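This report refers to the structure that appears directly beneath it.
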There are 2 protein chains.
Amino acid sequence: MSSDQTKTAILTAAEMLWAERSFGEVTMRDIVAAAGVNLAAVNYHFGSKDELLADLFVSRTTVLNRERFAELKAAEIEGNGRPSVEAILRALVSPPLRWCLSPDQQRSAAARFMTRASVETVPPIKKIVDREFRHLQRFATALRLALPHRDEVDIYWGLHFALAMIRQTVTDSERLKKLSGGLCDLNDVDDIIRRIVSTAHDALVGGTGTVTPLPARASGSRKS
Amino acid sequence: MSSDQTKTAILTAAEMLWAERSFGEVTMRDIVAAAGVNLAAVNYHFGSKDELLADLFVSRTTVLNRERFAELKAAEIEGNGRPSVEAILRALVSPPLRWCLSPDQQRSAAARFMTRASVETVPPIKKIVDREFRHLQRFATALRLALPHRDEVDIYWGLHFALAMIRQTVTDSERLKKLSGGLCDLNDVDDIIRRIVSTAHDALVGGTGTVTPLPARASGSRKS
DNA sequence: GTCTATATTCGGATAGAC
DNA sequence: GTCTATCCGAATATAGAC
(Lines give C-alpha, C1' and ligand atoms only; values in the text may rest on other atoms or scores of the structure.)
Protein backbone atom coordinates (compact mmCIF):
# COMPACT_ATOMS: atom_id res chain seq x y z
CA MET A 1 0.00 0.00 0.00
CA SER A 2 1.40 3.38 -1.01
CA SER A 3 1.92 6.26 1.38
CA ASP A 4 -0.99 8.19 0.00
CA GLN A 5 -3.29 5.24 0.14
CA THR A 6 -2.44 4.72 3.77
CA LYS A 7 -3.02 8.33 4.65
CA THR A 8 -6.33 8.34 2.82
CA ALA A 9 -7.44 5.14 4.46
CA ILE A 10 -6.73 6.60 7.87
CA LEU A 11 -8.52 9.85 7.12
CA THR A 12 -11.52 8.04 5.71
CA ALA A 13 -11.81 5.66 8.63
CA ALA A 14 -11.36 8.41 11.21
CA GLU A 15 -14.01 10.49 9.55
CA MET A 16 -16.57 7.71 9.58
CA LEU A 17 -15.95 6.97 13.25
CA TRP A 18 -15.87 10.58 14.38
CA ALA A 19 -19.09 11.21 12.52
CA GLU A 20 -20.89 9.01 15.06
CA ARG A 21 -18.88 9.27 18.27
CA SER A 22 -16.97 12.02 20.00
CA PHE A 23 -13.24 12.58 19.76
CA GLY A 24 -12.40 11.00 23.09
CA GLU A 25 -14.54 7.96 22.52
CA VAL A 26 -12.85 6.92 19.30
CA THR A 27 -9.43 5.45 19.95
CA MET A 28 -6.55 5.23 17.53
CA ARG A 29 -6.94 1.48 17.70
CA ASP A 30 -10.50 1.84 16.42
CA ILE A 31 -9.27 3.96 13.57
CA VAL A 32 -6.42 1.75 12.40
CA ALA A 33 -8.62 -1.31 12.67
CA ALA A 34 -11.23 0.28 10.42
CA ALA A 35 -8.57 1.55 8.04
CA GLY A 36 -6.79 -1.78 7.85
CA VAL A 37 -3.44 -0.23 8.65
CA ASN A 38 -1.02 -0.46 11.49
CA LEU A 39 -1.23 1.44 14.73
CA ALA A 40 2.08 3.20 14.16
CA ALA A 41 0.92 4.58 10.83
CA VAL A 42 -1.13 7.32 12.45
CA ASN A 43 1.78 8.77 14.33
CA TYR A 44 4.06 8.35 11.34
CA HIS A 45 1.79 10.18 8.93
CA PHE A 46 0.13 12.71 11.20
CA GLY A 47 2.25 12.99 14.31
CA SER A 48 -0.50 12.47 16.85
CA LYS A 49 -4.18 11.86 17.31
CA ASP A 50 -4.78 15.57 17.82
CA GLU A 51 -3.02 16.47 14.59
CA LEU A 52 -4.97 13.85 12.69
CA LEU A 53 -8.16 15.50 13.85
CA ALA A 54 -6.89 18.94 12.88
CA ASP A 55 -5.72 17.79 9.44
CA LEU A 56 -9.00 16.08 8.74
CA PHE A 57 -11.03 19.04 9.90
CA VAL A 58 -9.06 21.50 7.79
CA SER A 59 -9.27 19.21 4.79
CA ARG A 60 -13.03 18.88 4.93
CA THR A 61 -13.93 22.44 5.83
CA THR A 62 -11.73 23.70 3.02
CA VAL A 63 -13.76 21.77 0.48
CA LEU A 64 -17.09 22.67 2.05
CA ASN A 65 -16.22 26.34 2.28
CA ARG A 66 -15.10 26.38 -1.34
CA GLU A 67 -18.44 24.92 -2.33
CA ARG A 68 -20.34 27.49 -0.29
CA PHE A 69 -18.22 30.26 -1.69
CA ALA A 70 -18.74 29.12 -5.27
CA GLU A 71 -22.51 29.20 -4.77
CA LEU A 72 -22.29 32.64 -3.24
CA LYS A 73 -20.24 33.86 -6.21
CA ALA A 74 -22.73 32.36 -8.62
CA ALA A 75 -25.56 34.12 -6.81
CA GLU A 76 -23.70 37.40 -6.97
CA ILE A 77 -23.14 37.05 -10.69
CA GLU A 78 -26.71 36.05 -11.33
CA GLY A 79 -27.97 38.99 -9.31
CA ASN A 80 -25.58 41.44 -10.99
CA GLY A 81 -23.71 42.00 -7.78
CA ARG A 82 -26.88 42.17 -5.69
CA PRO A 83 -27.78 38.61 -4.77
CA SER A 84 -31.09 38.07 -3.01
CA VAL A 85 -31.18 37.16 0.66
CA GLU A 86 -32.64 33.84 -0.31
CA ALA A 87 -29.76 33.09 -2.68
CA ILE A 88 -27.19 33.97 -0.04
CA LEU A 89 -28.88 31.73 2.50
CA ARG A 90 -29.05 28.93 -0.02
CA ALA A 91 -25.31 29.17 -0.58
CA LEU A 92 -24.82 28.81 3.15
CA VAL A 93 -27.33 26.06 3.80
CA SER A 94 -27.27 23.84 0.73
CA PRO A 95 -23.73 22.45 0.80
CA PRO A 96 -23.77 20.95 4.30
CA LEU A 97 -27.29 19.62 3.87
CA ARG A 98 -26.55 18.08 0.49
CA TRP A 99 -23.45 16.47 1.90
CA CYS A 100 -25.25 15.17 4.94
CA LEU A 101 -28.09 13.61 2.97
CA SER A 102 -25.94 12.39 0.11
CA PRO A 103 -26.19 8.70 -0.77
CA ASP A 104 -22.39 8.74 -0.70
CA GLN A 105 -21.60 7.52 2.81
CA GLN A 106 -18.32 9.35 2.86
CA ARG A 107 -19.83 12.70 2.04
CA SER A 108 -22.53 12.14 4.58
CA ALA A 109 -20.01 11.24 7.25
CA ALA A 110 -17.96 14.31 6.39
CA ALA A 111 -20.89 16.59 7.13
CA ARG A 112 -21.63 14.95 10.46
CA PHE A 113 -17.95 14.86 11.35
CA MET A 114 -17.57 18.58 10.80
CA THR A 115 -20.49 19.63 12.93
CA ARG A 116 -19.39 17.27 15.67
CA ALA A 117 -15.78 18.43 15.53
CA SER A 118 -16.70 22.09 15.53
CA VAL A 119 -17.99 21.85 19.09
CA GLU A 120 -15.08 19.69 20.25
CA THR A 121 -13.04 21.45 22.90
CA VAL A 122 -9.80 19.66 22.02
CA PRO A 123 -6.89 22.10 21.55
CA PRO A 124 -6.14 21.68 17.83
CA ILE A 125 -9.68 22.58 16.83
CA LYS A 126 -9.55 25.90 18.60
CA LYS A 127 -6.84 27.11 16.24
CA ILE A 128 -9.01 26.45 13.23
CA VAL A 129 -12.07 28.37 14.24
CA ASP A 130 -10.45 31.54 12.94
CA ARG A 131 -10.62 30.17 9.44
CA GLU A 132 -14.30 29.39 9.88
CA PHE A 133 -14.76 32.79 11.35
CA ARG A 134 -13.57 34.66 8.26
CA HIS A 135 -15.67 32.38 6.13
CA LEU A 136 -18.84 33.29 8.00
CA GLN A 137 -18.01 36.96 7.90
CA ARG A 138 -18.22 36.83 4.12
CA PHE A 139 -21.82 35.71 4.44
CA ALA A 140 -22.56 38.33 7.05
CA THR A 141 -21.22 40.99 4.70
CA ALA A 142 -23.28 39.69 1.81
CA LEU A 143 -26.41 39.76 3.94
CA ARG A 144 -25.69 43.29 5.13
CA LEU A 145 -25.40 44.45 1.54
CA ALA A 146 -28.62 42.69 0.62
CA LEU A 147 -30.45 44.23 3.58
CA PRO A 148 -29.00 47.72 3.93
CA HIS A 149 -31.93 49.03 5.94
CA ARG A 150 -31.91 46.21 8.39
CA ASP A 151 -30.20 46.53 11.74
CA GLU A 152 -26.88 44.70 11.72
CA VAL A 153 -27.83 42.99 14.94
CA ASP A 154 -30.77 41.32 13.23
CA ILE A 155 -28.47 40.12 10.45
CA TYR A 156 -26.12 38.40 12.86
CA TRP A 157 -28.97 36.80 14.75
CA GLY A 158 -30.43 35.52 11.51
CA LEU A 159 -27.09 34.03 10.54
CA HIS A 160 -26.80 32.51 13.98
CA PHE A 161 -30.21 30.89 13.67
CA ALA A 162 -29.47 29.58 10.19
CA LEU A 163 -26.33 27.89 11.49
CA ALA A 164 -28.31 26.51 14.40
CA MET A 165 -30.85 24.87 12.13
CA ILE A 166 -28.15 23.42 9.91
CA ARG A 167 -26.34 21.92 12.84
CA GLN A 168 -29.41 20.47 14.49
CA THR A 169 -30.60 18.94 11.25
CA VAL A 170 -27.22 17.42 10.45
CA THR A 171 -26.59 15.98 13.89
CA ASP A 172 -30.02 15.29 15.35
CA SER A 173 -32.23 14.28 12.46
CA GLU A 174 -32.91 11.00 14.21
CA ARG A 175 -34.78 12.65 17.03
CA LEU A 176 -36.98 14.58 14.65
CA LYS A 177 -37.79 11.42 12.76
CA LYS A 178 -38.77 9.62 15.94
CA LEU A 179 -40.61 12.57 17.40
CA SER A 180 -42.72 12.91 14.29
CA GLY A 181 -43.37 9.18 14.18
CA GLY A 182 -41.57 8.98 10.87
CA LEU A 183 -43.69 11.71 9.33
CA CYS A 184 -40.80 14.06 8.68
CA ASP A 185 -38.97 12.90 5.59
CA LEU A 186 -35.26 13.35 6.00
CA ASN A 187 -34.55 12.19 2.46
CA ASP A 188 -36.09 15.12 0.67
CA VAL A 189 -33.07 17.43 0.63
CA ASP A 190 -34.73 20.18 -1.33
CA ASP A 191 -37.63 20.34 1.06
CA ILE A 192 -35.34 20.56 4.07
CA ILE A 193 -33.16 23.25 2.51
CA ARG A 194 -36.27 25.21 1.63
CA ARG A 195 -37.57 24.99 5.17
CA ILE A 196 -34.32 26.19 6.71
CA VAL A 197 -33.81 28.95 4.16
CA SER A 198 -37.39 30.08 4.53
CA THR A 199 -37.23 30.21 8.31
CA ALA A 200 -33.89 32.00 8.34
CA HIS A 201 -35.24 34.41 5.76
CA ASP A 202 -38.22 35.19 7.95
CA ALA A 203 -35.89 35.82 10.86
CA LEU A 204 -33.87 38.24 8.76
CA VAL A 205 -36.63 40.23 7.14
CA GLY A 206 -38.91 40.19 10.16
CA GLY A 207 -41.39 37.51 9.27
CA THR A 208 -43.03 39.11 6.28
CA GLY A 209 -42.66 35.87 4.42
CA THR A 210 -41.67 37.19 1.00
CA VAL A 211 -39.73 34.07 0.21
CA THR A 212 -41.74 31.19 -1.20
CA PRO A 213 -43.76 30.29 1.87
CA LEU A 214 -44.25 26.71 2.86
CA PRO A 215 -47.48 25.34 1.43
CA ALA A 216 -50.12 25.22 4.12
CA ARG A 217 -50.61 21.49 3.88
CA ALA A 218 -47.47 20.31 2.15
CA SER A 219 -46.84 16.61 2.38
CA GLY A 220 -43.70 15.81 4.31
CA SER A 221 -42.20 14.08 1.30
CA ARG A 222 -42.16 15.01 -2.33
CA LYS A 223 -39.47 12.71 -3.64
CA SER A 224 -38.73 9.08 -2.89
CA MET B 1 -18.28 17.14 55.80
CA SER B 2 -21.64 15.34 55.77
CA SER B 3 -22.65 12.78 53.20
CA ASP B 4 -25.04 15.14 51.52
CA GLN B 5 -22.53 17.93 51.41
CA THR B 6 -20.02 15.64 49.73
CA LYS B 7 -22.52 14.47 47.12
CA THR B 8 -23.59 18.01 46.39
CA ALA B 9 -20.01 19.21 46.12
CA ILE B 10 -19.28 16.48 43.58
CA LEU B 11 -22.39 17.20 41.55
CA THR B 12 -21.74 20.91 41.54
CA ALA B 13 -18.11 20.54 40.51
CA ALA B 14 -18.89 18.00 37.80
CA GLU B 15 -21.58 20.23 36.40
CA MET B 16 -19.29 23.23 36.14
CA LEU B 17 -16.57 21.22 34.41
CA TRP B 18 -18.92 19.38 32.05
CA ALA B 19 -20.49 22.67 31.10
CA GLU B 20 -17.25 23.65 29.38
CA ARG B 21 -15.62 20.40 28.30
CA SER B 22 -16.87 17.07 27.02
CA PHE B 23 -17.45 13.98 29.11
CA GLY B 24 -14.24 12.26 28.11
CA GLU B 25 -12.08 15.29 28.63
CA VAL B 26 -13.07 15.81 32.24
CA THR B 27 -11.48 13.21 34.49
CA MET B 28 -12.67 12.10 37.88
CA ARG B 29 -9.49 13.59 39.25
CA ASP B 30 -10.51 16.96 37.85
CA ILE B 31 -13.87 16.65 39.50
CA VAL B 32 -12.71 15.66 42.96
CA ALA B 33 -10.03 18.35 42.88
CA ALA B 34 -12.64 21.00 42.09
CA ALA B 35 -15.03 19.59 44.68
CA GLY B 36 -12.38 19.39 47.36
CA VAL B 37 -13.19 15.78 48.12
CA ASN B 38 -11.39 12.52 47.75
CA LEU B 39 -11.12 10.48 44.60
CA ALA B 40 -12.85 7.49 46.15
CA ALA B 41 -15.89 9.58 47.05
CA VAL B 42 -17.24 9.51 43.51
CA ASN B 43 -17.36 5.75 43.34
CA TYR B 44 -18.69 5.52 46.85
CA HIS B 45 -21.58 7.89 46.28
CA PHE B 46 -22.38 7.28 42.64
CA GLY B 47 -20.85 3.96 41.69
CA SER B 48 -19.00 5.12 38.60
CA LYS B 49 -18.24 8.08 36.42
CA ASP B 50 -21.01 7.07 34.02
CA GLU B 51 -23.58 6.91 36.80
CA LEU B 52 -22.50 10.29 38.10
CA LEU B 53 -23.21 11.74 34.69
CA ALA B 54 -26.57 10.01 34.50
CA ASP B 55 -27.60 11.13 37.99
CA LEU B 56 -26.62 14.69 37.29
CA PHE B 57 -28.39 14.76 33.97
CA VAL B 58 -31.60 13.34 35.39
CA SER B 59 -31.46 15.71 38.31
CA ARG B 60 -31.12 18.82 36.17
CA THR B 61 -33.50 17.88 33.37
CA THR B 62 -36.15 17.01 35.94
CA VAL B 63 -36.06 20.51 37.33
CA LEU B 64 -35.90 22.14 33.91
CA ASN B 65 -38.76 20.07 32.57
CA ARG B 66 -40.86 20.87 35.60
CA GLU B 67 -40.29 24.56 34.98
CA ARG B 68 -41.22 24.24 31.32
CA PHE B 69 -44.26 22.22 32.19
CA ALA B 70 -45.42 24.73 34.79
CA GLU B 71 -45.22 27.51 32.22
CA LEU B 72 -47.14 25.43 29.74
CA LYS B 73 -49.83 24.74 32.32
CA ALA B 74 -50.04 28.42 33.17
CA ALA B 75 -50.43 29.25 29.48
CA GLU B 76 -53.18 26.67 29.16
CA ILE B 77 -55.04 28.09 32.12
CA GLU B 78 -54.67 31.64 30.93
CA GLY B 79 -55.89 30.67 27.46
CA ASN B 80 -58.82 28.70 28.84
CA GLY B 81 -57.38 25.46 27.55
CA ARG B 82 -56.35 27.01 24.23
CA PRO B 83 -52.92 28.53 24.76
CA SER B 84 -51.50 30.58 21.91
CA VAL B 85 -48.64 29.25 19.85
CA GLU B 86 -46.48 32.02 21.19
CA ALA B 87 -47.24 31.07 24.80
CA ILE B 88 -46.41 27.44 24.12
CA LEU B 89 -43.11 28.37 22.51
CA ARG B 90 -42.31 30.66 25.41
CA ALA B 91 -42.79 27.81 27.84
CA LEU B 92 -40.32 25.77 25.81
CA VAL B 93 -37.73 28.46 25.20
CA SER B 94 -37.71 30.62 28.31
CA PRO B 95 -36.51 28.18 30.98
CA PRO B 96 -33.24 27.07 29.32
CA LEU B 97 -32.43 30.60 28.19
CA ARG B 98 -33.15 32.12 31.59
CA TRP B 99 -30.98 29.49 33.20
CA CYS B 100 -28.18 29.95 30.74
CA LEU B 101 -28.06 33.73 31.11
CA SER B 102 -28.69 33.76 34.82
CA PRO B 103 -26.16 35.63 36.96
CA ASP B 104 -26.11 32.52 39.12
CA GLN B 105 -23.08 30.62 37.80
CA GLN B 106 -24.53 27.32 38.86
CA ARG B 107 -27.76 27.78 36.98
CA SER B 108 -25.87 28.95 33.95
CA ALA B 109 -23.56 25.96 34.06
CA ALA B 110 -26.55 23.65 34.42
CA ALA B 111 -28.02 24.90 31.15
CA ARG B 112 -24.77 24.46 29.26
CA PHE B 113 -24.16 21.08 30.87
CA MET B 114 -27.53 19.78 29.74
CA THR B 115 -27.18 20.78 26.12
CA ARG B 116 -23.67 19.37 26.05
CA ALA B 117 -24.66 16.13 27.71
CA SER B 118 -27.66 15.61 25.49
CA VAL B 119 -25.43 15.05 22.46
CA GLU B 120 -22.99 12.87 24.38
CA THR B 121 -22.87 9.35 23.00
CA VAL B 122 -21.90 7.78 26.32
CA PRO B 123 -24.13 4.82 27.24
CA PRO B 124 -25.94 6.14 30.33
CA ILE B 125 -27.28 9.16 28.48
CA LYS B 126 -28.96 7.07 25.85
CA LYS B 127 -31.28 5.58 28.42
CA ILE B 128 -32.49 8.98 29.49
CA VAL B 129 -33.50 10.35 26.13
CA ASP B 130 -36.82 8.56 26.43
CA ARG B 131 -37.73 10.83 29.30
CA GLU B 132 -36.84 13.87 27.22
CA PHE B 133 -38.76 12.37 24.37
CA ARG B 134 -42.05 12.24 26.22
CA HIS B 135 -41.45 15.73 27.48
CA LEU B 136 -41.12 17.10 23.96
CA GLN B 137 -44.16 15.22 22.80
CA ARG B 138 -46.24 17.22 25.24
CA PHE B 139 -45.18 20.37 23.46
CA ALA B 140 -45.81 18.84 20.06
CA THR B 141 -49.31 17.95 21.16
CA ALA B 142 -49.96 21.43 22.49
CA LEU B 143 -48.80 22.94 19.21
CA ARG B 144 -50.96 20.59 17.19
CA LEU B 145 -53.99 21.63 19.19
CA ALA B 146 -53.14 25.29 18.75
CA LEU B 147 -52.69 24.85 15.00
CA PRO B 148 -55.32 22.30 13.98
CA HIS B 149 -55.25 23.27 10.32
CA ARG B 150 -51.51 23.08 10.03
CA ASP B 151 -49.82 20.00 8.62
CA GLU B 152 -48.31 17.96 11.43
CA VAL B 153 -45.05 17.82 9.54
CA ASP B 154 -44.71 21.57 9.77
CA ILE B 155 -45.34 21.42 13.50
CA TYR B 156 -42.52 18.98 14.06
CA TRP B 157 -40.14 20.96 11.90
CA GLY B 158 -40.99 24.11 13.82
CA LEU B 159 -40.33 22.36 17.11
CA HIS B 160 -37.07 21.02 15.69
CA PHE B 161 -35.97 24.50 14.69
CA ALA B 162 -36.91 25.98 18.05
CA LEU B 163 -34.77 23.39 19.81
CA ALA B 164 -31.96 24.11 17.36
CA MET B 165 -31.97 27.82 18.17
CA ILE B 166 -32.06 27.15 21.89
CA ARG B 167 -29.11 24.80 21.71
CA GLN B 168 -26.99 27.02 19.50
CA THR B 169 -27.63 30.04 21.68
CA VAL B 170 -26.84 28.19 24.89
CA THR B 171 -23.67 26.55 23.64
CA ASP B 172 -22.28 28.89 21.00
CA SER B 173 -23.16 32.39 22.11
CA GLU B 174 -19.48 33.25 22.11
CA ARG B 175 -19.19 32.89 18.37
CA LEU B 176 -22.17 35.14 17.77
CA LYS B 177 -20.71 37.76 20.03
CA LYS B 178 -17.38 37.70 18.20
CA LEU B 179 -18.95 37.49 14.78
CA SER B 180 -21.06 40.55 15.46
CA GLY B 181 -18.11 42.41 16.89
CA GLY B 182 -19.83 42.59 20.26
CA LEU B 183 -22.99 44.09 18.75
CA CYS B 184 -25.25 41.24 19.75
CA ASP B 185 -26.09 41.58 23.40
CA LEU B 186 -26.17 38.22 25.08
CA ASN B 187 -27.28 39.72 28.38
CA ASP B 188 -30.72 40.80 27.29
CA VAL B 189 -32.58 37.58 27.99
CA ASP B 190 -35.98 38.90 27.06
CA ASP B 191 -34.76 40.08 23.69
CA ILE B 192 -33.17 36.72 22.93
CA ILE B 193 -36.23 34.77 23.98
CA ARG B 194 -38.40 37.02 21.84
CA ARG B 195 -36.15 36.50 18.82
CA ILE B 196 -36.22 32.72 19.14
CA VAL B 197 -39.94 32.55 19.84
CA SER B 198 -40.68 34.90 16.98
CA THR B 199 -38.58 32.96 14.48
CA ALA B 200 -39.99 29.61 15.58
CA HIS B 201 -43.47 31.08 15.38
CA ASP B 202 -42.84 32.20 11.81
CA ALA B 203 -41.64 28.73 10.94
CA LEU B 204 -44.81 27.25 12.38
CA VAL B 205 -47.40 29.57 10.91
CA GLY B 206 -45.62 29.99 7.60
CA GLY B 207 -43.96 33.34 7.93
CA THR B 208 -47.02 35.53 8.28
CA GLY B 209 -45.44 37.22 11.25
CA THR B 210 -48.47 37.55 13.47
CA VAL B 211 -46.37 37.46 16.59
CA THR B 212 -44.87 40.76 17.67
CA PRO B 213 -42.38 41.23 14.88
CA LEU B 214 -38.88 42.44 15.61
CA PRO B 215 -38.66 46.21 15.35
CA ALA B 216 -37.01 47.19 12.09
CA ARG B 217 -34.15 48.99 13.74
CA ALA B 218 -34.13 47.63 17.24
CA SER B 219 -30.99 48.31 19.20
CA GLY B 220 -29.16 45.12 20.12
CA SER B 221 -29.49 45.90 23.79
CA ARG B 222 -32.40 47.23 25.75
CA LYS B 223 -31.27 46.49 29.25
CA SER B 224 -27.88 46.86 30.89
C1' DG C 1 7.60 3.17 4.42
C1' DT C 2 5.59 -0.35 7.15
C1' DC C 3 4.83 -3.06 11.08
C1' DT C 4 5.70 -5.53 15.71
C1' DA C 5 6.61 -5.05 20.15
C1' DT C 6 7.08 -2.18 23.92
C1' DA C 7 7.51 1.88 26.82
C1' DT C 8 4.96 5.19 29.37
C1' DT C 9 1.35 7.72 30.86
C1' DC C 10 -3.15 8.17 32.58
C1' DG C 11 -7.60 7.30 34.26
C1' DG C 12 -11.21 4.53 36.57
C1' DA C 13 -11.92 1.59 40.14
C1' DT C 14 -10.97 -0.69 44.73
C1' DA C 15 -8.91 -2.51 49.12
C1' DG C 16 -8.25 -1.45 53.51
C1' DA C 17 -6.81 1.82 57.29
C1' DC C 18 -8.93 5.30 60.09
C1' DG D 1 -18.28 7.94 55.77
C1' DT D 2 -13.84 9.37 54.44
C1' DC D 3 -9.32 9.03 52.63
C1' DT D 4 -4.63 6.92 51.18
C1' DA D 5 -2.42 3.99 48.42
C1' DT D 6 -2.63 0.95 44.82
C1' DC D 7 -4.20 -2.03 41.11
C1' DC D 8 -5.38 -2.79 36.49
C1' DG D 9 -6.67 -1.84 32.02
C1' DA D 10 -6.44 1.14 28.24
C1' DA D 11 -4.61 4.37 25.20
C1' DT D 12 -0.99 7.20 23.03
C1' DA D 13 3.39 7.26 21.51
C1' DT D 14 7.91 5.31 20.11
C1' DA D 15 11.97 2.26 19.28
C1' DG D 16 13.74 -0.66 16.23
C1' DA D 17 13.37 -4.74 13.01
C1' DC D 18 12.23 -5.60 8.22
Side-chain angles (χ1 to χ4, degrees), chain A residues 1-57 59 113 116-117 120-127, chain B residues 1-59 113 116-117 120-128:
Chain A
M1 195 185 277
S2 81
S3 175
D4 263 16
Q5 281 177 326
T6 301
K7 281 189 76 163
T8 305
I10 291 169
L11 287 167
T12 303
E15 176 169 71
M16 299 278 295
L17 293 168
W18 277 329
E20 312 302 336
R21 283 140 60 199
S22 67
F23 179 73
E25 283 176 88
V26 176
T27 69
M28 287 174 60
R29 283 174 168 78
D30 293 336
I31 295 168
V32 297
V37 301
N38 191 272
L39 177 60
V42 174
N43 285 292
Y44 178 78
H45 287 287
F46 299 94
S48 69
K49 187 186 180 186
D50 279 15
E51 286 172 271
L52 168 59
L53 174 67
D55 275 20
L56 182 58
F57 190 72
S59 155
F113 159 72
R116 229 174 220 298
E120 219 40 83
T121 50
V122 187
I125 291 288
K126 295 284 186 187
K127 297 186 301 187
Chain B
M1 196 183 276
S2 81
S3 175
D4 262 17
Q5 280 177 326
T6 301
K7 282 190 74 164
T8 303
I10 292 169
L11 287 167
T12 302
E15 178 169 69
M16 299 277 296
L17 293 169
W18 277 329
E20 312 302 335
R21 282 141 59 200
S22 67
F23 179 73
E25 284 175 89
V26 176
T27 69
M28 287 174 58
R29 286 174 167 81
D30 293 336
I31 295 168
V32 297
V37 302
N38 192 272
L39 178 59
V42 174
N43 286 293
Y44 177 79
H45 286 287
F46 298 95
S48 69
K49 187 186 180 186
D50 279 15
E51 287 172 273
L52 168 60
L53 175 67
D55 275 20
L56 182 59
F57 190 72
V58 169
S59 154
F113 159 72
R116 229 173 221 298
E120 219 40 82
T121 50
V122 188
I125 291 290
K126 295 283 187 187
K127 298 185 301 186
I128 307 166

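No experiment lies behind these values; they were computed from the predicted model shown. Lettering of chains follows the sequences in order, A, B, ..., and the numbering in each one begins at 1.
Partners of S59(B) by side chain to side chain donor-acceptor pair (under 3.5 Å), not counting sequence neighbours: none found. Legend: residues meeting ring-ring contact (aromatic ring centres under 6.0 Å, His included) with F23(B), ordered by chain and number and at least two apart, are W18(B). A search for side chain to side chain donor-acceptor pair (under 3.5 Å) contacts involving E120(B) returns nothing, not counting sequence neighbours.
Residue T8(B) holds its OG1 atom at 11.5 Å from CD of E15(B), rounded to the nearest 0.5 Å. Put simply, OG1 on T6(A) and NE2 on H45(A) are 4.5 Å apart, with the number rounded to the nearest 0.5 Å. Rounding to the nearest 0.5 Å gives a distance of 11.0 Å between CG of D50(A) and CG of D55(A).
Following rounding to the nearest Å, I10(A) (CD1) and dG1(C) (C1') show an atom-to-atom distance of 12 Å. To the nearest angstrom, P of dT2(D) lies 11 Å from NZ of K7(B). Nucleotide dA13(D) holds its P atom 10 Å from the CG atom of L52(A), rounded to whole Å. When the C1' atom of dT2(D) is taken as reference, atom CG of D4(B) falls 15 Å away, rounded to whole Å. Between Q5(B) atom CD and dC3(D) atom P the separation is 12 Å, expressed in whole Å. Rounded to whole Å, the distance from CZ on F46(B) to C1' on dG12(C) is 16 Å.
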Once each nucleotide of nucleotides 13-18 of chain C is scored for protein heavy atoms under 4.0 Å, what B/S/- sequence comes out, 5' to 3'? BB----
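Between H45(A) and dG1(C) there is no side-chain N or O to OP1 or OP2 distance below 4.0 Å. Under 4.0 angstrom from either OP1 or OP2 of dA10(D) there lies no side-chain N or O belonging to T27(A).
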For a quick test of your reading: what N or O donor-acceptor pairs under 3.5 Å do the side chains of residues 26-43 of chain B make, sequence neighbours left out?
| from | atom 1 | to | atom 2 | distance (Å) |
| --- | --- | --- | --- | --- |
| T27(B) | OG1 | R29(B) | N | 3.4 |
| T27(B) | OG1 | D30(B) | N | 3.0 |
| T27(B) | OG1 | D30(B) | OD1 | 3.4 |
| T27(B) | OG1 | D30(B) | OD2 | 3.2 |
| D30(B) | OD2 | R21(B) | NH2 | 3.2 |
| D30(B) | OD2 | T27(B) | N | 3.1 |
| N38(B) | OD1 | A40(B) | N | 2.9 |

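You'll find the side chain of F46(A) reaches within 4.5 Å of the side chain of L11(A), heavy atoms only.
Scanning residues 13-22 of chain A for heavy-atom distances under 4.0 Å to DNA chain C yields an empty list.
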Go through the steps to decide whether T121(B) and E20(A) satisfy the test side chain to side chain contact (heavy atoms under 4.5 Å, CB included), and finish with yes or no. CA-CA 8 Å; T121(B) 50; E20(A) 312 302 336; over 6 Å; no
